[in-house]
Amino acid sequence: MMKWLSEWWRGGTAVVEPASVRDAARLAQLHGASFAHGWGEGEFESMMSERNTLVHRLRLGPKTIGFAVSRIGADEAEILSIAVDGAYRGRGLSRTLLMTHLGHLAGRGVRTIFLEVEENNQPARRLYVGCGFVVVGRRDRYYKQPDGEQLNALLMRRDLS
C-alpha cells in the first residue's frame with residue numbers, strides 16, 4: 001500500500017484509457033490551452049457520442065493531462081487532435097498516448113492513419129516522425145491564427161498494417 005501511495009503522490013504511472021462524457025470539460029480545457037481555436041465541452045460531448053470517433057485520455061494519478069481524438073472511416077482514420085498539458089510535455093508522455101491510441105485504432109481494423117500538423121510545430125513533427133508518420137502533402141495557409149497570420153499544414157500518414 002505504501003508503494004502505491006508514494007507513486008500516487010509523485011503522480012503515478014501514466015495510463016491511457018477511453019475517455020467518457022464526464023471528461024469533456026477537462027478535454028476542452030486542455031484543447032483550449034493547446035490550440036488557437038479551442039473546442040468546447042459540447043464539441044467533445046458530441047464527438048464522444050459518435051460511434052466512429054475514438055477518444056482516449058492520458059491520466060497521471062487522478063489527473064487527466066492529455067487526450068487523443070480520431071475519426072474512423074472504413075479502414076482509415078484521421079487524428080483530429082492530440083494534446084498534453086504544457087506542464088507535462090517533454091517527458092515522452094505524448095508518445096505513450098499516441099502509440100497506445102494507434103494500437104486501439106489498429107484493433108478496430110484501421111490500416112492507415114492521417115493527420116495534419118502545423119508546419120512550424122517542430123515538437124509535434126518530431127513526435128509524429130518518431131512514431132512512423134511520413135509527410136505526404138502540404139496545405140498552404142491552412143491554419144488561421146488569431147492575429148490573422150496563415151500557417152501551412154503538413155499532411156502526414158502512417159500505415160498500421
Side-chain angles (χ1 to χ4, degrees), residues 4-118 121-133 142-143 146 153-161:
W4 174 85
L5 190 57
S6 68
E7 279 191 24
W8 175 81
W9 186 255
R10 288 193 320 258
T13 305
V15 177
V16 178
E17 58 197 5
S20 73
V21 175
R22 290 187 326 256
D23 299 308
R26 176 63 178 147
L27 302 187
Q29 182 183 39
L30 286 165
H31 196 275
S34 300
F35 301 100
H37 300 285
W39 296 343
E41 186 175 344
E43 289 168 284
F44 275 97
E45 288 172 351
S46 177
M47 281 186 285
M48 285 188 258
S49 71
E50 298 171 8
R51 287 184 46 238
N52 68 332
T53 303
L54 185 63
V55 185
H56 282 103
R57 70 179 184 165
L58 173 65
R59 188 173 50 78
L60 199 57
K63 185 174 185 179
T64 297
I65 61 164
F67 68 86
V69 180
S70 291
R71 181 159 290 136
I72 303 167
D75 65 348
E76 295 182 347
E78 179 183 8
I79 294 177
L80 302 177
S81 190
I82 183 169
V84 171
D85 185 318
Y88 297 92
R89 291 182 190 153
R91 302 181 189 186
L93 296 168
S94 57
R95 180 180 173 81
T96 299
L97 172 61
L98 178 57
M99 293 306 287
T100 303
H101 189 72
L102 294 178
H104 284 272
L105 288 167
R108 286 200 175 183
V110 171
R111 299 169 65 92
T112 307
I113 283 277
F114 294 93
L115 61 82
E116 288 154 353
V117 62
E118 190 261 298
N121 186 341
Q122 293 303 322
R125 288 181 59 187
R126 277 192 301 274
L127 168 67
Y128 299 138
V129 168
C131 290
F133 284 83
Y142 182 76
Y143 291 109
L154 296 177
L155 178 62
M156 299 185 83
R157 170 187 173 147
R158 178 178 172 186
D159 293 330
L160 297 178
S161 52

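Put simply, OG1 on T13 and CG on L60 are 8.0 Å apart, with the number rounded to the nearest 0.5 Å. A distance of 11.0 Å separates OG1 in T53 from CD in E78, rounded to the nearest 0.5 Å. Separation of atoms CZ (F133) and CD1 (I79) is listed at 4.0 Å; rounding is to 0.5 Å. In this structure, CD1 on I113 lies 11.5 Å from SG on C131, to the nearest 0.5 angstrom.
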* Using the side-chain contact (heavy atoms from CB on, under 4.5 Å) rule, take H104 and V110 through it: C-alpha gap first, then chi angles, then the decisive distance, then the call. => CA-CA 9 Å; H104 284 272; V110 171; over 6 Å; no
* To do: Might you work through the side-chain contact (heavy atoms from CB on, under 4.5 Å) test for Y128 and L98, ending with a clear yes or no?
  => CA-CA 9 Å; Y128 299 138; L98 178 57; 3.8 Å; yes
* side-chain contact (heavy atoms from CB on, under 4.5 Å) evaluation trace for L27 with V55 -> CA-CA 10 Å; L27 302 187; V55 185; 3.9 Å; yes
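Using a 4.5 Å heavy-atom threshold, the side chains of L105 and R108 count as separate. At least one side-chain heavy atom of L80 sits less than 4.5 Å from a side-chain heavy atom of M47.
In this view, T96 satisfies the side-chain hydrogen bond (donor to acceptor under 3.5 Å, both in side chains) rule with no residue, not counting sequence neighbours. By the ring-ring contact (aromatic ring centres under 6.0 Å, His included) test, F114 pairs with no residue at all, sequence neighbours left out. Evaluation of the side chain to side chain contact (heavy atoms under 4.5 Å, CB included) rule for E43 yields W39 as partners, not counting sequence neighbours. Among residues two or more places apart in sequence or in another chain, the side-chain hydrogen bond (donor to acceptor under 3.5 Å, both in side chains) test is passed with R111 by none.
In terms of heavy atoms, G132 sits closest to R158 at O-CG, 3.7 Å. Between M48 and V21 the shortest heavy-atom distance is SD-N, 3.8 Å. When all heavy atoms of L97 and A83 are compared, the closest pair comes out as CD2-O, 4.1 Å.
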Using atom types as modelled, flag every donor-acceptor pair under 3.5 Å from a side chain in residues 61-76 to any protein atom, sequence neighbours excluded.
unit_1	atom_1	unit_2	atom_2	d
T64	OG1	R57	NH1	3.4
S70	OG	H101	NE2	2.7
R71	NH2	E50	OE1	3.0

Listing, residues 85-95 side-chain donor-acceptor contacts under 3.5 Å, not counting sequence neighbours, or none:
unit_1	atom_1	unit_2	atom_2	d
D85	OD1	A87	N	2.9
D85	OD2	R26	NH2	3.2
R89	NE	V84	O	2.7
R89	NH2	S34	OG	3.1
R89	NH2	V84	O	3.0
R91	NH2	A87	O	3.4
R95	NH1	G130	O	2.9

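Counted by atom type alone, T100 and H56 present zero donor-acceptor pairs between their side chains at under 3.5 Å.
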